[in-house]
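To start, the structure under review is shown below, and the notes come after it.
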Protein chains: 2
Amino acid sequence: MYLSARGEYGIMAVLDLALAKGSSPVQAKGIADRQGIPLKFLEHILRALRHAGLIESSRGIHGGYRLAKPADQIRLGDVVQAVEGPIAITPPRSSLRAHNGNGHGAPHSSLIQDVWEEVKVSVVNTLNRTTLADLCRRVQDLEEQRTLMYHI
Amino acid sequence: MYLSARGEYGIMAVLDLALAKGSSPVQAKGIADRQGIPLKFLEHILRALRHAGLIESSRGIHGGYRLAKPADQIRLGDVVQAVEGPIAITPPRSSLRAHNGNGHGAPHSSLIQDVWEEVKVSVVNTLNRTTLADLCRRVQDLEEQRTLMYHI
DNA sequence: ATTAACCCTATCTGTACAGTAGGAATTAGG
DNA sequence: CCTAATTCCTACTGTACAGATAGGGTTAAT
């Protein structure tokens with residue numbers, strides 16, 4: 001069971017934006033370099049994030065991206081769903097088993113759909129428990145620890 | 001984010017076994033017909049379930065499969081992990097970003113790995129909250145309701 | 001006008017998954 | 001012992017999709 005790489009890229013991208021305190025927008029090229037994401041692929045991710053209303057962009061020669069809302073109002077679930085599409089547990093193809101030879105296959109599939117639904121809800125809830133602001137705080141904690149280590 | 005069809009097939013298979021009250025083993029062909037699963041594909045699923053110790057088989061002309069433990073000791077998480085392998089959120093490829101041009105890409109990936117770990121735990125926990133016995137009970141409840149409807 | 005950025009559509013490519021094929025090993029019954 | 005039915009195992013195939021790339025259009029600052 002995999003979340004695709006897009007989710008990871010998406011989180012890295014918005015985290016990069018959140019950590020860029022300056023008032024000027026952040027260029028895709030910079031994000032790509034810092035986070036190790038292929039630039040052309042990152043552009044797709046950023047487009048999805050923008051369409052979801054999570055980030056804003058300005059075009060032209062000093063253009064770039066910034067968060068569209070405060071970091072504590074951006075939940076990881078929003079980010080992941082923006083770049084990966086709605087979280088589904090089974091591919092749509094799952095209903096292709098509605099018809100097979102005997103005419104009434106998969107008798108208990110509705111029960112299993114309920115289970116998948118539970119799983120999906122718990123994934124979304126787990127992702128939504130953490131906001132971008134939380135992640136920023138963790139980054140700062142980590143760097144603080146690193147500095148302490150360095151001073152010993 | 002998808003669970004593959006194997007998980008669904010696996011659950012249908014063990015549920016079929018759990019609902020077969022008889023003392024004689026259940027043949028793969030029967031499961032395949034009742035649940036609408038291609039026989040040859042189902043064989044792979046059953047093999048995985050057997051290797052995980054969830055079901056037992058007897059070979060030969062009146063062979064078949066039965067549960068290796070009582071239904072209330074088989075959790076859906078066990079079944080899913082048996083047929084799909086350990087639940088992973090990101091493909092192993094995720095560490096390929098340890099080296100890119102500047103030499104130190106993906107600075108916050110450990111934080112994100114923590115998030116994925118949380119998600120994974122919540123998926124496993126959600127699946128493990130339901131046992132095969134629970135599913136059987138739900139099937140019976142559904143059939144009871146269906147019978148009532150029929151009598152009106 | 002030039003340039004640097006974002007924006008969009010299309011295409012390539014590898015891989016994982018669902019499904020298929022063929023046959024070896026095992027057991028029951030005649 | 002022979003046959004039939006079943007599990008067991010290995011290998012192969014086709015396809016859909018994700019990651020990645022390519023190329024060019026659009027916008028705006030200088």
Side-chain angles (χ1 to χ4, degrees), chain A residues 1-10 12-13 17 24-33 35-51 55-66 80 83-85 88 90-97 100-101 105-106, chain B residues 1-10 12-13 17 24-33 35-51 55-66 68 80 83-86 88-97 100 105-106:
Chain A
M1 192 203 71
Y2 295 139
L3 287 168
S4 61
R6 297 174 70 90
E8 196 162 345
Y9 287 159
M12 292 197 281
L17 293 184
S24 56
V26 178
Q27 280 93 39
K29 181 70 165 50
I31 303 177
D33 287 349
Q35 308 297 331
I37 307 173
L39 173 59
K40 283 305 229 175
F41 192 42
L42 175 62
E43 286 185 355
H44 292 304
I45 308 291
L46 291 170
R47 196 161 89 94
L49 291 169
R50 185 171 57 86
H51 281 132
I55 64 177
E56 291 168 346
S57 63
S58 21
R59 305 177 64 167
I61 197 162
H62 288 139
Y65 299 87
R66 53 202 122 49
V80 170
V83 298
E84 300 199 341
T90 47
R93 158 191 50 66
S94 193
S95 54
L96 127 172
R97 283 187 298 288
N100 66 333
Chain B
M1 194 201 70
Y2 294 139
L3 288 169
S4 61
R6 298 174 70 91
E8 197 162 343
Y9 286 158
M12 292 197 281
L17 293 184
S24 56
V26 178
Q27 281 92 38
K29 181 72 165 49
I31 303 178
D33 287 349
Q35 307 298 330
I37 308 174
L39 174 59
K40 283 305 229 175
F41 192 43
L42 175 62
E43 287 185 355
H44 293 303
I45 308 290
L46 292 169
R47 196 160 90 92
L49 290 170
R50 185 172 57 85
H51 280 131
I55 66 178
E56 291 168 348
S57 63
S58 20
R59 306 176 63 167
I61 196 162
H62 288 140
Y65 299 88
R66 50 201 125 47
V80 170
V83 298
E84 302 201 339
I89 301 299
T90 47
R93 160 194 50 67
S94 194
S95 54
L96 127 172
R97 282 188 298 290
N100 66 332

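Below, chain A is the first sequence line, B the second, and so on; all start at residue 1.
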| message | Below the 4.0 Å mark, does D/dC8 have OP1 or OP2 next to a side-chain nitrogen or oxygen of B/R50? | response | yes
| task | Using atom CD of B/E84 as one end and atom C1' of C/dA18 as the other, report the distance to the nearest whole Å. | result | 12 Å
| request: Determine, step by step, whether A/L46 and A/Y65 satisfy the side chain to side chain contact (heavy atoms under 4.5 Å, CB included) criterion, reporting the C-alpha distance in whole Å, the side-chain angles of both residues, the deciding distance to 0.1 Å, and the verdict. | output: CA-CA 8 Å; A/L46 291 170; A/Y65 299 87; 3.5 Å; yes
| task | Take atom NE2 of B/H51 and atom C1' of D/dC8, then tell me their distance rounded to the nearest Å. | result | 9 Å
| note | Between CD of B/Q27 and P of C/dT27 the distance, given in whole Å, is 15 Å
| query | What's the OH-C1' distance between B/Y9 and C/dT20, to the nearest Å? | reply | 13 Å
| B/Y65 vs D/dC8: side-chain N/O to OP1/OP2 distance below 4.0 Å | yes
| Is the backbone of A/A28 close enough, under 3.5 Å, to the side chain of A/E43 for a donor and an acceptor to pair up by distance? | no
| said: Please find the pair of heavy atoms, one from A/K40 and one from A/H44, that lie closest to each other, and give the distance. | reply: O-CD2, 3.5 Å
| note | With sequence neighbours left out, the residues meeting side-chain contact (heavy atoms from CB on, under 4.5 Å) with A/R66 are A/P25, A/E56, A/S58
| message | Test side chain to side chain contact (heavy atoms under 4.5 Å, CB included) on A/Q35 and A/Y9; report intermediate values, then the result. | response | CA-CA 8 Å; A/Q35 308 297 331; A/Y9 287 159; over 6 Å; no
| field | Interatomic distance, B/F41 CZ vs D/dT7 P [rounded to whole Å] | value | 17 Å
| Is any side-chain N or O of B/R47 closer than 4.0 Å to OP1 or OP2 of D/dC9? | yes
With 3.5 Å as the limit, what N/O pairs link the protein to nucleotides 23-30 of chain D?
from: D/dG23; atom 1: O6; to: A/K40; atom 2: NZ; distance (Å): 2.3
from: D/dT26; atom 1: O2; to: A/R59; atom 2: NH2; distance (Å): 2.8
from: D/dT27; atom 1: O2; to: A/G60; atom 2: N; distance (Å): 3.4

| query | Is A/S57 near enough to C/dC7 that one of its side-chain N or O atoms lies under 4.0 angstrom from OP1 or OP2? | reply | yes
| request: Can you tell me the distance, in whole Å, between the CD1 atom of A/I45 and the C1' atom of D/dG19? | output: 9 Å
| remark: All heavy atoms of B/A13 vs all of B/L49, minimum pair found to be CB-CD1, 4.4 Å
| Does a side-chain N or O from B/S4 land closer than 4.0 Å to OP1 or OP2 of C/dA18, or not? | yes
| field | B/G7 to B/E84 - nearest heavy-atom pair and separation | value | N-OE2, 3.1 Å
| Distance in angstrom units between B/L39 CG and C/dA18 C1', rounded | 15 Å
| What nucleotide among D/dG19, C/dA21, C/dT9 has an atom nearest to a side-chain atom of A/R6? | D/dG19
| task | Starting at atom CD1 of A/I37, determine the distance to atom P of D/dA20, rounded to an integer number of angstrom. | result | 9 Å
